[in-house]
Every structure is written in C-alpha cells, then in structure tokens.
Amino acid sequence: MENSEKKSTNFIHEIIEKDLAAGKYQKRVHTRFPPEPNGYLHIGHAKAITIDFATAEKYQGLYNLRFDDTNPVKEDTEYVDSIMEDIKWLGFDWKERLFYASDYFEKMYNYAVELIEKGLAYVDDLTAEEMREYRGTLTEPGKNSPYRDRSVEENKKLFAEMREGKYEDGSKIVRAKIDMASPNLTMRDPALYRIAHFNHHRTGDSWCIYPMYDFAHPLEDAIEGITHSLCTLEFESHRPLYNWVLANLNDFQVDAPKQIEFARLEITRTVMSKRKLKLLVDEGIVSGWDDPRMPTLSGMRRRGFTPESIKNFCEMVGVAKSNSMVDSAMLEHAIRDDLKLKAPRLMAVLNPLKVVVTNWPKGEVEMLDVPLNQEVPEMGSRQIPFNGEVYVERDDFMEEPVKKFYRLFPGNEVRLRGAYFVKCNEIIKDEAGEVIELRCTYDPETKSGSGFTGRKVRGTLHWVPANHSVKTQVRLYDYLLLDEEEQTSKDFLENINPNSIETIDAWVEPELAKAKSLEKFQFIRHGYFSVDPKDSTDEAPVFNRVVSLKSSWKKKK
Ligand code: ATP
Ligand code: MG
C-alpha cells in the first residue's frame, strides 16, 4: 500500500509493532469492524473503520467486516445493506471476510456451558431490580446472589431449559462467577446470557436466549482469529472481562486477541449517536437517514462529501487515548481541500439582478470560452453565450456604495468574469422604488484573455446570461444543532436548529443544466455544490451546497 508509508505512527501502531517484533500471533495482524446493524453508519464509524482497516493494510494484514447482531430487538437487514454500501463507498474491501456474530450462537452457547462446567458461571433468578441492589456501588462492594452457589448440574439443566424456551424474558440470566467485591463494577458477576423471545433478522426463532455484548465480543474476535481488537474508550473498563472470558476457555489459551481502545470522534454541532439520529428520522425532523444534513455516511455522500475528504479528515484527527471535541470547521476544510482542484468552477446567481449592456450589438451572441478551473488548465474550458443581457448577484450592486465596495454602483466599472469590463450608467426602478435593472456600457477592448492592460478594475463579478441561464433549485445547509456541543443542558430536540435548510432558486450557466447525479462544482463565490441524487431529474438538477468557500479553520503546519 503506497499510502501506508505516509501514515503517521500512533500508539496502536506502536503496540502492533512490538507484537510483530516479539513474534506474537505468528506475526499476523488481523482487525475487524464490528457494527451493530441497528442504524446507519455515521462519521464516527468512519473513523473506527479507517483505524481498523487502514491499520491492517499498513501491516499487510487482514480485516473482517462483522455484524454484531446479538441484540435482535433493534436490528434490521436495511441497516446491514446500508452499512456494506457505505464501507465500500469509503473504499475498503473486506473481500470474502464478511461475518455475522449470529453465526456463532451455537459455539457461544457451548462456551457458556464450558464456563458453567468449570464452576465459572451460574444461572441467576434475581430480578433486574434485585440485581441492581446486590451490585453495590463504586464505593461499596456488592453482595453475592443467593443463587450463586447452585451446583454445576443444576446450572446446566437450567441453562438448557432457558434455551428450550421454558422461561420468560427476564426471569433468569446466566452470569459469570467472578467477584462481587471487585472495584471494577463490570467484573461483579456480569451477565453472559439473557432470555429474549424475539425474531432475529437472520436466525429467526431458533433462539430465545442471546449472549450479552461483553461475553459475545471477545468470542467473536477469538473465533475469527483477530489479533488486535480496536474499539472506543468506553470499553476500557470492560477489557478485564474481555480477557477473563478468553482466559477461561480452553480454545483460546494461545494468542488470544488483544483489546485496544482509542478516543471516540466527536464534532462540534454534530449529532453523533445512532439513537439520536434515529430519533431525528422517526420524528420527521430530517427526511431520512440520508438527509444531506445528517452526519451519516449516506447523508454526507448525498450532500456531496467525497470518500477521500472523509478519510483525510479522519487522518487529520488522528488516534488519541483521550476524548476530545473536533471543530466541524476541520471537516469542512477537508472537503474544500479535496474539491479545490477536482471541481470545475462555474457561475451561478442566487439572487439575480438584470444588467443590460446598452452598446452591445443587438441580436449578437458571442460564445465566450472560459477555463473550467484556472488552477487546472488541463480541465479545459466551457462556452458561455454572451448577448449583452446578464444576471448578476443583487448584492453585488449598491446604489450608494459603502467604503471599500468595489463592485457595481453608479459610475463604476467592473469586470464580468470571463467577458468584458462594464460600467454602470443608469438604474431602473419599479414603482415601489426597487432596483430592477442596471443599464451599463461595455468596452470591446477589455475582453477577458485578450491581454488588455489599458486600465484596471477592482471588482470582478460572476454572472449568468439572462436568456440562456437555467433556473434550478439550490439547497443551502446549516448545522443541525444550535449549540456547539451535542451534550448541552438542553433537551436534545430543543437544541435542533430550525433553520438548517434553505431552498432557493438559482440561475446557473447552461453547462450546469447537464450536471449528473453527485457531480461536484464550485459555484464561484458561493461554495462547493453537488447534484442531489434523489431529487434531480435529467432536465433539472437540484444542487446541494456541500460547503461554503470561507473557512474559519486553519490546518496547523
Ligand atoms: P452509537 O454510540 O452512535 O450508537 P455504537 O458504538 O453503538 O454507536 P456500533 O455499531 O456498536 O455503534 O459501532 C461499531 C464500532 O464503531 C465500534 O467499535 C465503536 O467503538 C465504533 N464507533 C462508534 N461511534 C464512534 C465514534 N463516534 N468515534 C469512533 N468510533 C466509533
Ligand atoms: Mg454499540
């Protein structure tokens, strides 16, 4: 991998390199990304995917995609499909290594039986509430359950009956027998198996008991031969349990996988929890998981983000051992940076004011040849018809100019980008006194690209031909959240920005009428835009603004 060379090294790489040097895991590196199929992937997941998969690539290792489908209540095949689509879009290929935790249910059951046989697990009849009471607190030890000393035989029989469906949800649970006085609450006889009479999206009604995450996850990793199990920091206190499970099973005495935690990605003014994102969808606050305002990968793709920009962003954020909040401006920088030389630069007028060039020969149409991106001459040029009647941006005109206003005002001369200098001579107003048209004259000597050096003007305006421009819909976005942080004292739904979308008409140059789904452009002065794949038609593209042109964030050198 050529891009492995440029990747900075981090504490995960250091651990792996130590293991490789010591000859651990037969010098293999094998990682996995284990999404729970209960929602669409968001940009936080992209960070996890990049870390999991790019780390494996860096060491010529392997990576698995594994659906952690051990919680049938909220899972759905719609989510499974979207997750695969999004990861492929990011540019990762897990090849044949696609797995489902549910494929290991039989094995997991047997491992639980092994723990029971070793006297390391038991069936408990305490209610959930009683279990909470017995659990103790951070400062006080817990108490042993009265069921803790059931015989191995009784535990085996009860567990088998749980599987057969003899008991109701919540009436019994299998717990590890560890230490009710452990300072780590996770180690106080954690639950391994629960009863849940649910239809599973893959195993149907075959099971009515399901393994708990803390028991299932180390098993999934170990069964697949994972070497380094990378996850987010909230699992740090679960690591002793991860190790306990594997240490007590005969199959995993050699080269048990190693859990390593890294900081979660959090971005200012960005919702980063599947539960909350689902709420936005269910409440109809957004149009769906792929609403262009959503930080989901499907939303960002639709908005116009590129996989490269997302991967570069994750790279810039880096891998840390403590949580921190990343400025959303950094993500915007990443997409600008990616599109800067990739996107052609065209003209669109969002709020038009008509300009008529009075000395333009009547009826004459000149085809102007204008470069698509001045910084990238290889991109070529497009033609714009010019017939002396154009639209400019309404706020590029001021009847009484303020200081340092160099655009159009009575008596001032400006350049129409790619065309000629024009000078404003007359203002036409309607009955209400609103300016509806400007009368200008042009100077034939000043054609763009002609090498004219006679005089200079300070303002250059973008414009579209009045008769040959195309009216299209443009959507401008703002953040979904009002406050900087997702965790504010306000109720989550009260923190939603009511003005996160603005839909307006825009007049674009003819070239843009042909734009294809997801094609990206810079609209000069307005930002980067991408063609909405859902709402556009062949005749009428709808443009999503990916990001404006101005950035408040500077990359540290
Ligand atoms: P959420 O909290 O948004 O519901 P989750 O952690 O429950 O997400 P999973 O499907 O369990 O979602 O996540 C799969 C993997 O993605 C996990 O290893 C998890 O640690 C990682 N992950 C989830 N959110 C983030 C994030 N914001 N930053 C980095 N990694 C994340
Ligand atoms: Mg989770």
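Whatever order the structure lists ligands and atoms in, that order sets their numbers, starting from 1. None of the values given here were measured: they were computed from a predicted structure.
Listed by number with element, the atoms of ligand 1 under 4.0 angstrom from any heavy atom of Ser273 are 3 (O). Short contacts between ligand 1 and Phe33, defined as distances under 4.0 Å to a heavy atom of the residue, involve ligand atoms 14 (C), 15 (C), 16 (O). Near Thr232, meaning under 4.0 Å from any of its heavy atoms, are these atoms of ligand 1: 19 (C), 20 (O), 29 (C), 30 (N), 31 (C). Listed by number with element, the atoms of ligand 1 under 4.0 angstrom from any heavy atom of Ala48 are 16 (O), 21 (C), 30 (N). Within the listing of ligand 1, atoms 9 (P), 10 (O) sit less than 4.0 angstrom from a heavy atom of Glu36. For ligand 1, the atoms sitting less than 4.0 Å from at least one non-hydrogen atom of Met272 are 3 (O), 27 (N), numbered in the order shown with element in parentheses.
Of the listed options Arg264, Lys276, Arg66, Arg264 places a heavy atom closest to atom 2 (O) of ligand 1.
In terms of polar-atom proximity, defined here as any N/O pair under 3.5 Å, Arg275 makes no such contact with ligand 1. For ligand 1, one of its N or O atoms has an N or O atom of Leu265 under 3.5 Å away. Considering backbone and side-chain N/O of Lys47, none are found under 3.5 Å from N/O of ligand 1. Where the criterion is an N or O separation shorter than 3.5 Å, residue side chain and backbone included, Asn38 fails it with respect to ligand 1. Every N/O-N/O distance between Glu234 and ligand 1 stays at or above 3.5 Å.
The side chain to side chain contact (heavy atoms under 4.5 Å, CB included) test applied to Pro295 returns Ile43, Thr270, Leu277, not counting sequence neighbours. Applying the side chain to side chain contact (heavy atoms under 4.5 Å, CB included) criterion to Arg264, with sequence neighbours excluded, gives Thr232, Glu234, Asn323.
Interatomic distance, Asn544 CG to Thr503 OG1, rounded to the nearest 0.5 Å: 9.0 Å. Between the CG atom in Asp169 and the CZ atom in Phe198 there is a gap of 6.5 Å [rounded to 0.5 Å].
For the pair Glu266 and ligand 1, no heavy-atom separation below 4.0 Å is found.
Close placement of the Tyr100 and Phe67 rings is indicated, their centers lying within 6.0 Å of each other.
Judged purely by atom type and a 3.5 angstrom limit, Lys118 uses its side chain to pair as donor or acceptor with the backbone of Asn248. Remark: side-chain polar atoms of Glu130 are paired, donor with acceptor, to backbone N or O of Thr127 under 3.5 angstrom.
With salt bridges taken as basic N to acidic carboxylate O contacts below 4.0 Å, none links Glu114 and Lys107.
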Side chain to side chain donor-acceptor pair (under 3.5 Å) evaluation trace for Ser182 with Asn184:
CA-CA 5 Å; Ser182 171; Asn184 181 348; 5.6 Å; no
